[in-house]
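Note that the structure is a prediction, hence the values are computed from the model and not measured.
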Amino acid sequence: MSIQITNLSFSYPSSTVRLFEEFSLQFTEGWTCVAGSNGCGKSTLLRLLAGILHPDGGKISLGEGSAVYCPQECAEIPENLYTAFWSDDNEVRKFFSRLRVTEEMLDRYDSLSGGEKKRVQVACVLAEKPAVLLLDEPTNHLDAKTSSMIAAALREFTGTGIMVSHDRAFADSLCTRTVFLYDEAAAFAGGRDCIAADSYPCGLSKALELRQSAGENSRGEWERLNAKAARERDRGARLEAQNQKARARLSKKAVDPHDHDTQAKIDVARISGKDRTTGDAKARLETQLSRTESERDSVKKALRRKEGFTLSGTDGARPVVIDEAVLQAGPYRLRVPHMEIRRGSKIALTGENGAGKTLFARHVITLMEKAGRAGEILYLPQEIPEEGREAVLAAFRELDESGRGEVLSTMYRLGSEPEHLEGGDGQLSPGELRKLMIALAVRRPLSLLVLDEPTNHMDITSVVALENALSALDCAMIVISHDKAFLEKIAGTGIVIVRDGDEGELRLP
């Protein structure tokens with residue numbers, strides 16, 4: 001079933017800016033990924049399609065059939081959980097089997113892990129057999145095994161599927177089309193102050209490559225035409241100077257009225273047009289210049305955004321030595337072998353949820369603190385508590401003007417539009433808060449970065465900017481992430497934690 005959006009207009013009552021204006025887009029059957037920066041209207045678009053929000057103008061045509069929206073959050077028990085699970089229809093019940101949802105899980109929904117709740121939630125929306133299925137960040141906080149299970153179930157959906165996702169591996173496994181939403185004014189010179197969309201007939205990873213290539217090509221074409229126009233203007237100025245000399249030669253003002261021979265020669269030159277050559281050439285050049293400038297102005301010049309940052313003082317970074325140990329968390333025991341992390345080591349730490357990845361990360365931090373090296377480490381936890389948020393914002397406010405400018409510049413290079421931070425109102429999203437922590441930390445010499453799911457709550461623009469920045473650093477780092485594409489870009493070594501019941505082992509390559 002095809003979905004047609006025609007001349008859509010929408011703005012939130014609390015906003016003075018129109019988010020969508022004369023916005024048109026089409027979705028066809030199969031899976032489409034919707035990507036873009038935070039605030040560009042991805043979730044809003046899904047809610048408009050689901051009928052949760054209503055447009056100010058324009059039309060959304062879904063055709064026949066229902067549209068079901070599956071939000072990021074899964075704390076609430078799905079309304080159809082029990083009726084769908086106990087349905088007599090095997091085509092309904094099969095999704096619970098595919099996603100390994102058991103009767104026992106129904107009785108303890110509140111105590112289920114995030115991954116288990118997401119499996120239940122997805123099974124319930126598939127059980128409704130909608131014509132249109134709308135998923136908002138379906139893989140947040142999920143390990144690779146759970147993501148793979150959900151992808152396999154979603155692959156059986158035969159309607160029109162639209163997902164908002166920054167998980168490239170997950171989106172690529174399902175989506176054959178990608179829609180990228182963006183603020184036109186921030187993306188292109190002379191763009192409108194509203195959201196626009198570009199569509200690509202491929203998965204998210206390829207779409208990002210095509211988008212980057214198109215941006216480079218548009219800048220190159222604009223700069224080529226601008227340089228051509230500059231050359232034509234320079235040549236026009238030279239011809240104008242020559243034309244003025246020619247007009248001076250044809251002037252009789254300085255000629256003696258009684259010098260009939262000279263006046264006759266000037267008359268002959270005027271009639272023959274002998275000295276009109278430069279004037280005609282200039283007129284032709286002005287026409288060409290107008291065409292060149294018109295062609296240049298028709299090119300949508302993509303604005304270039306600076307990325308990346310550097311760390312100072314890493315030349316003297318000392319290695320981090322981790323002795324063999326057994327880490328305890330309740331009944332669970334994690335065996336850690338002896339290892340040494342040297343400058344430049346970039347380690348991807350993987351394993352299923354609950355295997356002890358965060359347990360190991362905190363062990364490393366404790367060792368550094370006991371060695372008096374707390375100032376040499378940046379630890380970015382999965383979730384930042386409220387007191388941690390306040391401490392980060394306070395550290396930013398205490399900086400002088402130069403320091404704040406440096407931090408804001410780093411945040412911009414990580415994909416943020418941090419103007420509102422300058423007011424110090426503290427209204428930062430979790431993703432923006434993570435970037436602020438990074439921007440504050442990289443101002444000092446660091447020996448080790450420990451990043452626990454750093455891409456959680458980040459949009460794809462910020463994820464790509466962060467991975468580009470981290471891949472260029474020579475600082476040692478341990479990165480815990482379920483984002484396979486992110487790890488492949490930045491990490492050179494992989495270590496994995498394997499759990500069997502109450503026993504776990506960290507295995508080196």
N-O pairing of Glu503 and Arg333 below 4.0 Å: yes
Within 45° cone of Tyr332 ring axis and under 6.0 Å: Arg499 NZ or CZ: yes
Heavy-atom check, side chain of Tyr109 versus side chain of Pro78, under 4.5 Å: yes
For Ser147, all residues meeting side-chain contact (heavy atoms from CB on, under 4.5 Å), sequence neighbours excluded: Thr139, Leu142, Phe170
Side chain Arg211, main chain Asp198, donor-acceptor under 3.5 Å: no
Contacts of Glu340 that satisfy side-chain hydrogen bond (donor to acceptor under 3.5 Å, both in side chains) - sequence neighbours left out: Arg342
Residues that Pro509 engages under side-chain contact (heavy atoms from CB on, under 4.5 Å), provided they are two or more places apart: Thr493, Ile495
Worked verdict on Asn80 versus Thr83 for side chain to side chain donor-acceptor pair (under 3.5 Å): CA-CA 5 Å; Asn80 68 330; Thr83 56; 5.5 Å; no
Where His482 and Ala144 come nearest, the two heavy atoms and their spacing: ND1-N, 4.0 Å
Arg404/Glu398 salt bridge by N-O under 4.0 Å criterion: no
His363 side chain to Leu327 backbone, donor-acceptor under 3.5 Å: no
Polar contact flag, side-chain donor to acceptor under 3.5 angstrom, Asn140-Lys118: no
Cation-pi check, Arg362 onto Tyr379 ring (under 6.0 Å, within 45° of axis): no
